[in-house]
Amino acid sequence: MTSPGRGVAVVTGAAGGLGRAIAAALHADGWPVLLTDLDAEAVAAAAAPLGGWSRTLDVRDEDACAEVAATAAASGGLGLWVNNAGILVTGPAWEHDGPIRRRVLDVNTLGAMNGTLAALAVMRDQGYGHVLNVVSLAGLVAAPGETVYAASKHALLAFSLGTLSDLRMAGQRGVHVSCLCPDGIWTPMLHDRLDDPGALASFTGSMLTPERVAARAVRLARRPRPVVSLPRWRGAQVRLLDTLPRLAIGLTPLVRAVGRAGQRRQRRRAARADRG
């Protein structure tokens, strides 16, 4: 178990959306939180009601991640590092050029690796700490229309679980790595995807609020587990499909139909919220 009494929590991509919600939930749970993001003004605004502690961070910069980890360590120890920063691209893989593919992998995979390793450099010396990687259900199954994004998340899942095993093999029992795999989340990442055929997979299940996912992240921060899906039934569903690839591919027309219905449903919800 980890607790707010064991150091600082760092959250990447915390200027808005899920990252901001996670930072707020951790703050409410008693963690001193260092919010980081590429957007200096936005992350400072997000941090203002949470103690005002923020840093500009490009997770693709390995040295910058190490500097943030050192800053947190010098302020009472680094208890938790949440790799939340990520980007989504949709459409068939052949529609993305090399620079786009590299950017997705640089942020979603290598950026999270940079954060994980920067945190572990501190945590292994401390003898305690927890890295929480926000992976997505797309890390558990190949999501049609989000192929490059899913590939980046599959890689992060493998890296996270392998690193956790390496820690145990090295005798590190007090340092944890967890993966949180939520269904689609209604954040700015999806706000402009209601008519995007490439994003259908994100609308096939339970559209989650950032606050619900953040609450689960806080519970996971307290009680580390290797992989947690949200909701749990969706994790079981997509894992089953992942073991039966022929079935999963055969169900692609059904996935598209369910996704279109989900987009229409979410459009109605968003319209009601705007009117309210």
Quiz item: So, for H96 and T90, which heavy atoms are closest and what is the spacing to 0.1 Å?
Solution: CE1-O, 3.0 Å
Self-check item: Backbone N/O of L200 and side chain of R256: donor-acceptor pair under 3.5 Å
Solution: no
Self-check item: R193 atom CZ: more than 12 heavy-atom contacts under 6.0 Å
Solution: yes
Practice problem: Search all heavy atoms of A119 against all heavy atoms of V131 and return the closest pair with its distance. | Solution: CB-CG2, 3.9 Å
Quiz prompt | H130 and W81 aromatic centres sub-6.0 Å | solution = no
Quiz item: Distance-only, no hydrogens or angles: does the S165 side chain make a donor-acceptor pair with backbone N or O of L161 under 3.5 Å?
Solution: yes
Quiz item: Restricting to pairs with a member in residues 22-51, which pass side-chain hydrogen bond (donor to acceptor under 3.5 Å, both in side chains), not counting sequence neighbours?
Solution: D29-R222
Quiz item: Taking D242 for the side chain and A142 for the main chain, is one N or O donor matched with an acceptor at less than 3.5 Å?
Solution: no
Exercise. Quick one: pull up CD1 in I185 and OG in S136 and give me the separation to the nearest 0.5 Å.
Key: 7.5 Å
Practice problem: Report yes or no: do V8 and V59 belong to one cluster of Ile/Leu/Val/Met/Phe/Trp/Tyr joined by side chain heavy-atom distances under 4.5 Å? | Solution: yes
Practice problem: Check whether L18 and L190 end up in the same hydrophobic cluster, where Ile, Leu, Val, Met, Phe, Trp and Tyr are linked by side-chain heavy atoms less than 4.5 Å apart. | Solution: no
Quiz item: Rounded to the nearest 0.5 Å, how far apart are NE2 of H176 and CG of L164?
Solution: 9.0 Å
Quiz prompt | Main-chain N/O of R60 paired with D58 side-chain donor or acceptor, under 3.5 Å | solution = yes
Self-check item: Exercise: do R55 and T71 side chains pair donor with acceptor under 3.5 Å
Solution: yes
Quiz prompt | Hphob cluster co-occupancy, L132 + L35, side-chain heavy atoms under 4.5 angstrom | solution = yes
Quiz item: Using a distance-only test with no angle check, is there a side-chain donor-acceptor pair under 3.5 angstrom linking Q263 and R260?
Solution: no
Quiz prompt | Common cluster, M123/L167, ILVMFWY with side-chain heavy-atom separation under 4.5 Å | solution = yes
Quiz item: Out of curiosity, L180 CG to L220 CG, how far, rounded to the nearest 0.5 Å?
Solution: 6.0 Å
Quiz item: Can you get from V227 to L241 by hopping between Ile, Leu, Val, Met, Phe, Trp and Tyr side chains that sit under 4.5 Å apart?
Solution: yes
Quiz item: Is the backbone N or O of A138 less than 3.5 Å from a side-chain atom of H154, with the two atoms forming a donor-acceptor pair by type?
Solution: yes
Quiz item: Where does the angle between the aromatic ring planes of H191 and W186 fall among parallel (under 30°), tilted (30 to 60°) and perpendicular (over 60°)?
Solution: tilted
Quiz item: Do K153 side-chain atoms and L140 backbone N/O form a donor-acceptor pair below 3.5 Å?
Solution: no
Quiz item: What pair of heavy atoms forms the shortest contact from S206 to P231, and how long is it?
Solution: OG-CG, 3.8 Å
Self-check item: Enclosure of Q237 CD (heavy-atom neighbours >12, cutoff 6.0 Å)
Solution: yes
Practice problem: Grab the two heavy atoms, one from L88 and one from Y149, that are nearest each other, plus how far apart they are. | Solution: CD1-CG, 3.6 Å
Quiz item: Has the side chain of T109 got a donor or acceptor atom that lies under 3.5 Å from a matching backbone atom of S152?
Solution: yes
Quiz item: Does the R267 side chain pair with the main chain of L194, one donor and one acceptor, at a distance under 3.5 Å?
Solution: yes
Quiz item: Ignoring hydrogens and geometry, is there a side-chain-to-backbone donor-acceptor pair from N84 to V11 under 3.5 Å?
Solution: no
Quiz prompt | Considering all heavy atoms, the nearest A46-A15 contact | solution = CB-O, 3.8 Å
Quiz item: If every non-hydrogen atom of L78 is compared with every non-hydrogen atom of A69, which pair is closest and at what distance?
Solution: CD2-CB, 4.1 Å
